[in-house]
Amino acid sequence: LTPLPPDMPGIVIVQHMPKAFTYSFAESLNRECKLNVKEATEGEKVERGKVLISPGDQHMMLKSSGNGYIVSMNNGELVNRHRPSVDVLFRSVANLVDGKKSIGVILTGMGDDGAMGLSEMHDAGSRTIAQDEESCVVYGMPRKAVENGAVDEILNLENIVRRLIALS
């Protein structure tokens, strides 16, 4: 996030982190980034220049609001052994947002959370990107998405940033 310019379109992030860490994680990123990074709250607007990180132990989804989007949280059942789950967020994007107006990115991580949701985003017309194996600490989640045929581009972190800037 640190190289991204302050006028990027709204970004929503699900990170597999415990409840006690997501607030301080967001605060730390906010000090380092040009974007406004914060832990998401119920009904918060997704907007240019803002990054919303799902609170630990809550699923985050997009909902329509007027001419934009807001986030909604819930503490429903674990999905893929996780809450928050990347699949929950990606599926909400796939079902709500015009594919040409969304980009799904899946980064390093263990397991397969996010692979099915990214596939749904891809099928809905979204641009989809996976982190390459060489730059991943754990190539589980991106590998599963690639194996599912859900990925348009496989890039290292530096090139993911360049691509996001170019697409914005």
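All heavy atoms count here, side chains included; hydrogens, waters and symmetry mates do not. Residue numbers start at 1 and run along the sequence shown.
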Visitor: Please check if Ile165 and Leu167 belong to a single hydrophobic cluster, counting links between Ile, Leu, Val, Met, Phe, Trp and Tyr side chain heavy atoms closer than 4.5 Å.
Guide: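 Linked within one cluster.
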Visitor: Is there a donor-acceptor pair closer than 3.5 Å between any side-chain N or O of Ser54 and the backbone N or O of Gln58?
Guide: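 Yes.
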Visitor: Does a side-chain heavy-atom distance below 4.5 Å link Ser72 with Glu42?
Guide: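 Of all side-chain heavy-atom pairs linking Glu42 with Ser72, at least one is under 4.5 Å.
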Visitor: Using atom types as modelled and distance alone, determine if a side-chain donor or acceptor of Thr2 lies under 3.5 Å from a backbone N or O of Glu32.
Guide: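 Between the backbone of Glu32 and the side chain of Thr2 there is no qualifying donor-acceptor contact (under 3.5 Å).
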Visitor: Do Ile13 and Leu1 touch side chain to side chain, with heavy atoms closer than 4.5 Å?
Guide: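 Yes; the side chains approach each other to less than 4.5 Å.
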Visitor: Report yes if the side chains of Asn159 and Arg162 come closer than 4.5 Å at any heavy-atom pair, otherwise no.
Guide: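 With C-beta onward as the side chain, the pair touches.
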Visitor: If we only count heavy atoms from C-beta on, is the Asn30 to Asn36 side-chain gap below 4.5 Å?
Guide: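 A side-chain contact exists here, since the closest heavy-atom pair is under 4.5 Å.
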Visitor: Of Asp113, Val14, Leu78, which meets side chain to side chain contact (heavy atoms under 4.5 Å, CB included) against Ser85?
Guide: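 For Ser85, the side chain to side chain contact (heavy atoms under 4.5 Å, CB included) check succeeds only for Asp113.
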Visitor: Is a donor on one side and an acceptor on the other found under 3.5 Å between the side chain of Ser168 and the backbone of Pro9?
Guide: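 No.
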Visitor: Quick one: does Leu29's side chain get under 4.5 Å of Val51's, heavy atoms only?
Guide: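 No, side chains not in contact.
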Visitor: Would you confirm whether His59, through its side chain, and Glu77, through its main-chain N or O, come within 3.5 Å as a donor-acceptor pair?
Guide: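 It does hold such a pair.
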Visitor: For residues Leu155 and Val151: do they belong to one hydrophobic cluster (side chain heavy atoms under 4.5 Å, members Ile, Leu, Val, Met, Phe, Trp, Tyr)?
Guide: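 Leu155 and Val151: separate clusters.
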Visitor: Quiz question: by atom type and distance under 3.5 Å, do the side chains of Thr108 and Gln131 form a donor-acceptor pair?
Guide: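 Looking only at side-chain atoms, Gln131 and Thr108 do not form any donor-acceptor pair under 3.5 Å.
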Visitor: Is there a side-chain contact between Leu52 and Lys38 (heavy atoms, below 4.5 Å)?
Guide: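 Result yes, sub-4.5 Å side-chain heavy-atom pair found.
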Visitor: Has Arg127 got a side-chain atom pairing as donor or acceptor with Ile103's backbone, closer than 3.5 angstrom?
Guide: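 A pair under 3.5 Å: no.
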Visitor: Among residues at least two apart in sequence or on other chains, which ones pass salt bridge (Lys or Arg N to Asp or Glu O under 4.0 Å) with Glu47?
Guide: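 For Glu47, the residues satisfying salt bridge (Lys or Arg N to Asp or Glu O under 4.0 Å) (neighbours in sequence not counted) are Lys50.
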Visitor: Check whether Arg143 reaches the backbone of Glu133 with its side chain - one donor and one acceptor, N or O, closer than 3.5 Å.
Guide: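 Checking the backbone N and O of Glu133 against the side chain of Arg143, no donor-acceptor pair under 3.5 Å is found.
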Visitor: Does any N or O in the side chain of Asp87 come within less than 3.5 Å of the main-chain N or O of Gly114, such that one atom is a donor and the other an acceptor?
Guide: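 Checking the backbone N and O of Gly114 against the side chain of Asp87, a donor-acceptor pair under 3.5 Å is found.
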Visitor: Ser28 side chain to Phe25 main-chain N or O, any donor-acceptor pair under 3.5 Å?
Guide: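 Here the side-chain-to-backbone pair does not exist.
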Visitor: Side-chain heavy atoms nearer than 4.5 Å, only ILVMFWY residues, links allowed to pass through others: does that put Tyr23 and Phe21 together?
Guide: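 No; tracing contacts between hydrophobic side chains, which count when under 4.5 Å, never links both residues.
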Visitor: Could you check whether any side-chain N or O of Asn80 sits under 3.5 Å from a backbone N or O of His82, counting only pairs where one atom can act as donor and the other as acceptor?
Guide: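 The answer is no, because no donor-acceptor pair under 3.5 Å joins these two groups.
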Visitor: Closer than 3.5 angstrom, by distance alone: can the side chain of Ser102 be matched with the main-chain N or O of Ser126 as a donor-acceptor pair?
Guide: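 Side chain of Ser102 to backbone of Ser126: no pair is present.
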Visitor: Do Leu35 and Leu164 belong together in a cluster built from hydrophobic side chains that touch within less than 4.5 Å?
Guide: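 Yes: a chain of side-chain contacts under 4.5 Å links Leu35 to Leu164.
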Visitor: Any side-chain heavy-atom pair from Pro84 and Leu89 closer than 4.5 angstrom?
Guide: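 Pro84 does not reach Leu89 side chain to side chain.
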Visitor: Are Leu107 and Met110 grouped together when hydrophobic residues (ILVMFWY) are joined by side-chain heavy atoms under 4.5 angstrom apart?
Guide: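 Per the 4.5 Å side-chain linkage, Leu107 and Met110 are not co-clustered.
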